[in-house]
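Per chain, numbering begins at 1; letters A, B, ... match sequence-line order.
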Number of protein chains: 2
Amino acid sequence: MTPLFYREQEKFYVSVDCIILGFKEGKLYLLISKRKFEPQEGQDTLMGGFLRSDESLSETVSRVVFEYTGIQDVYMEQVGTYGEIGRDEGERVVSIAYYALIDLEMFDESVCEIHNARWEEVEKVGKLVFDHNQMLRDTIEILRKKTATQPIGFNLLPEKFTLPQLQALYEAIYQTTLDKRNFRKKILEMEILEKQDDKDKSSSKRGAFYYTFNKEKYDQLLQKGYYFSL
Amino acid sequence: MTPLFYREQEKFYVSVDCIILGFKEGKLYLLISKRKFEPQEGQDTLMGGFLRSDESLSETVSRVVFEYTGIQDVYMEQVGTYGEIGRDEGERVVSIAYYALIDLEMFDESVCEIHNARWEEVEKVGKLVFDHNQMLRDTIEILRKKTATQPIGFNLLPEKFTLPQLQALYEAIYQTTLDKRNFRKKILEMEILEKQDDKDKSSSKRGAFYYTFNKEKYDQLLQKGYYFSL
DNA sequence: GCAAAAGTGTTAGGTGTACACCCATGA
DNA sequence: TCATGGGTGTACACCTAACACTTTTGC
């Protein structure tokens, strides 16, 4: 069944590596675990897995993300493919990196123990195996461009969030501070947020109103040629 | 030598597909050839090749681009990786797409005959094999974003080019028209172009001055925190 | 002399950015 | 009553976008 010409070609191990990001306490966090086999066993690594023949790439990513977080249907995007000959010291492996954005309130803490996994501040991540640091850098660069032009940051927040939370998220992604008034003006005039009646009182006495992201409204605006931009 | 855990994993065919772009007569062109083996033999296809164990991904791309254009050291960027199970009807193949920007004056016409290749206007490209149309669409989207923020368009032009040529290039990429005065003002005030003493008289009686892109000057500006933007 | 493309400045409107004070509440 | 974070409006600088005429020269 395999065409003749194909059979003359070499085959390779193909893996996915997942840059799983979460947000809490005003900081971006990366899920890191200890590598469970040689080479570099015991070193800090991204979550990864080998591609299987009954899976598309994104299915492999979903499997890996679910295994390490207990969450399904996460937002994910391809970062790029890393294919240098010596990148994996064990064997020639071509690896496709994906980032995934997680709402930490959905995260199942028990998997941390199972997999020796932990959440590390993105800004404080140390040496990871192979080219995983490069994958992380590439992810952050892509994330910065993407969050500026598409409303994907909400994937890092709970369904209901406050404007101070949202602003802190953008500040963490861009590693900068933003003017409160300008931020609120800009995000609210897009009219893609729905103000709720209740408040989050966990971080102040006065409390901050909850908002939700209205995807339908955003899609309508896209149709009319409007663009998200922050 | 191969670690035990790896040996339990499946291996896959890995290929690269190249979106080779050129620019002439105010239009973007894509290099297309006829597929030389089953399945879909004889259909229009991007230039592709299988990854070999002694090559990195970009080396494979260089080999393919050289084979089909006779040009070395081309500008190239990864577009993305396509790994759906049934995308190649012949066998499971994971394919990494790269685009390459070619100066058509360097192009060796003789390879067209050898490979049944031809330059087709990007806007008029018909059905290609597998998911190659998707790869092309993704390329154009990336190219539009990238040319707006980085000076990569020059790779599609000869060493010496005129401002009307450069403007036509941007108009072809964005599929729009630009104001001549605004365009010239913007590109010139970046001070990354060097005006030459001679003119191109092929497209008008008066002739248009040649310019060259000064990469050193651009790199210096980058250091100082300036950004290219058009 | 005329057709055809190259080249050149100004202005108005809109967008981004900087900035300071009052409000609500729990302790 | 006070400390803490939430919430609000304006003014100025800058950038973007719109716009028309003159120049050069080969035919």
Side-chain angles (χ1 to χ4, degrees), chain A residues 23-27 144-145 147-149 157-158 160-172 174-212 221 225-230, chain B residues 23-27 144 147-149 157-158 160-172 174-191 193-212 221 225-230:
Chain A
F23 176 73
K24 64 179 175 186
E25 296 152 15
K27 298 195 187 98
R144 283 183 179 151
K145 284 185 185 155
T147 49
T149 56
L157 296 175
K160 285 163 58 175
F161 53 87
T162 67
L163 292 186
Q165 263 184 299
L166 185 62
Q167 179 175 347
L169 170 62
Y170 277 90
E171 290 178 335
Y174 300 136
Q175 285 291 294
T176 183
T177 57
L178 299 171
D179 182 274
K180 195 170 31 163
R181 281 170 289 193
N182 293 338
F183 178 83
R184 298 171 74 96
K185 195 193 321 165
K186 199 157 183 181
I187 196 86
L188 287 177
E189 75 188 6
M190 287 187 243
E191 299 189 325
I192 55 176
L193 298 187
E194 303 290 344
K195 188 173 183 175
Q196 307 299 116
D197 295 326
D198 50 341
K199 287 181 168 186
D200 166 36
K201 299 209 141 197
S202 65
S203 65
S204 78
K205 291 153 189 163
R206 178 176 179 177
F209 279 104
Y210 281 119
Y211 287 79
T212 57
L221 288 176
Y226 287 86
Y227 290 99
F228 178 92
S229 106
L230 219 149
Chain B
F23 177 72
K24 65 179 175 183
E25 297 152 12
K27 297 194 187 96
R144 284 185 179 150
T147 50
T149 55
L157 295 174
K160 286 163 56 174
F161 53 86
T162 67
L163 293 187
Q165 263 184 301
L166 186 62
Q167 180 176 346
L169 170 61
Y170 277 89
E171 290 178 335
Y174 300 135
Q175 286 290 294
T176 183
T177 57
L178 299 171
D179 181 275
K180 193 169 33 163
R181 281 170 289 192
N182 293 337
F183 178 83
R184 297 171 75 97
K185 195 190 323 160
K186 197 156 184 180
I187 196 86
L188 288 177
E189 76 187 7
M190 286 186 242
E191 298 187 326
L193 297 187
E194 302 289 345
K195 187 174 185 174
Q196 307 299 116
D197 295 325
D198 50 341
K199 288 181 166 186
D200 166 35
K201 299 208 142 200
S202 65
S203 67
S204 78
K205 291 152 190 168
R206 180 175 177 176
F209 279 104
Y210 281 119
Y211 287 79
T212 58
L221 289 176
Y226 287 85
Y227 291 98
F228 178 92
S229 105
L230 219 151

Participant: OH of A:Tyr227 versus P of C:dT15: gap in Å, rounded?
Facilitator: 16 Å

Participant: In whole angstrom, give the distance that lies between atom CE of A:Met190 and atom C1' of C:dT15.
Facilitator: 14 Å

Participant: Report the C-alpha distance between B:Phe161 and B:Tyr210 in whole Å, list the side-chain angles of each, state the deciding distance to 0.1 Å, and finish with yes or no for side-chain contact (heavy atoms from CB on, under 4.5 Å).
Facilitator: CA-CA 5 Å; B:Phe161 53 86; B:Tyr210 281 119; 5.6 Å; no

Participant: May I ask you to test the A:Phe228-A:Leu221 pair for a side-chain heavy-atom distance under 4.5 Å?
Facilitator: no

Participant: Please report, rounded to the nearest Å, how far the C1' atom of D:dC15 is from the CG atom of B:Asp179.
Facilitator: 15 Å

Participant: Closer to the 5' end of DNA chain D via nearest nucleotide, is it A:Asn182 or A:Ser204?
Facilitator: A:Ser204

Participant: Answer whether the closest heavy-atom distance between the side chains of B:Phe209 and B:Gln196 falls below 4.5 Å.
Facilitator: no

Participant: Using OP1 and OP2 only, check whether a side-chain N or O of A:Arg181 sits under 4.0 Å from C:dA18.
Facilitator: no

Participant: Would you mind classifying the nucleic acid contact of A:Thr162 as base, sugar-phosphate or nothing, using non-hydrogen atoms under 4.0 angstrom?
Facilitator: nothing

Participant: Atom NZ of A:Lys186 to atom C1' of D:dT10: distance rounded to whole Å?
Facilitator: 18 Å

Participant: I'd like to know if A:Lys180 reaches the base of D:dG7 with its side chain such that a donor and an acceptor end up less than 3.5 angstrom apart.
Facilitator: yes

Participant: Any side-chain N or O of B:Lys201 less than 4.0 Å from the OP1 or OP2 oxygen of D:dG26?
Facilitator: yes

Participant: With a cut-off of less than 4.0 Å, is there a side-chain N or O of A:Arg184 near OP1 or OP2 of D:dG7?
Facilitator: yes

Participant: Using whole Å, report how far CG of B:Leu188 lies from C1' of C:dT8.
Facilitator: 11 Å

Participant: Measure CZ/B:Phe183 against C1'/C:dT8 and give the value in whole Å, please.
Facilitator: 16 Å

Participant: Heavy-atom distance under 4.5 Å between the side chains of B:Thr147 and B:Leu230, does that happen here?
Facilitator: no

Participant: By nearest heavy atom, map A:Lys199 and A:Lys205 onto DNA chain D; which one lands nearer the 5' end?
Facilitator: A:Lys205

Participant: Determine whether a donor-acceptor pair (one donor, one acceptor, N or O, separation below 3.5 Å) exists between the side chain of B:Lys185 and the base of C:dT10.
Facilitator: yes

Participant: Quick one: B:Arg206 CZ to D:dC27 C1', roughly how many Å, whole number?
Facilitator: 18 Å

Participant: Given atom CG of A:Asp200 and atom P of D:dG6, what is their separation to the nearest angstrom?
Facilitator: 9 Å

Participant: A:Gly207 or B:Ala208: which one's nearest nucleotide on DNA chain C is closer to the 5' end?
Facilitator: B:Ala208

Participant: Given A:Met190, which partner from the list A:Ile192, A:Leu193, A:Leu188 fulfils the side chain to side chain contact (heavy atoms under 4.5 Å, CB included) test?
Facilitator: A:Ile192

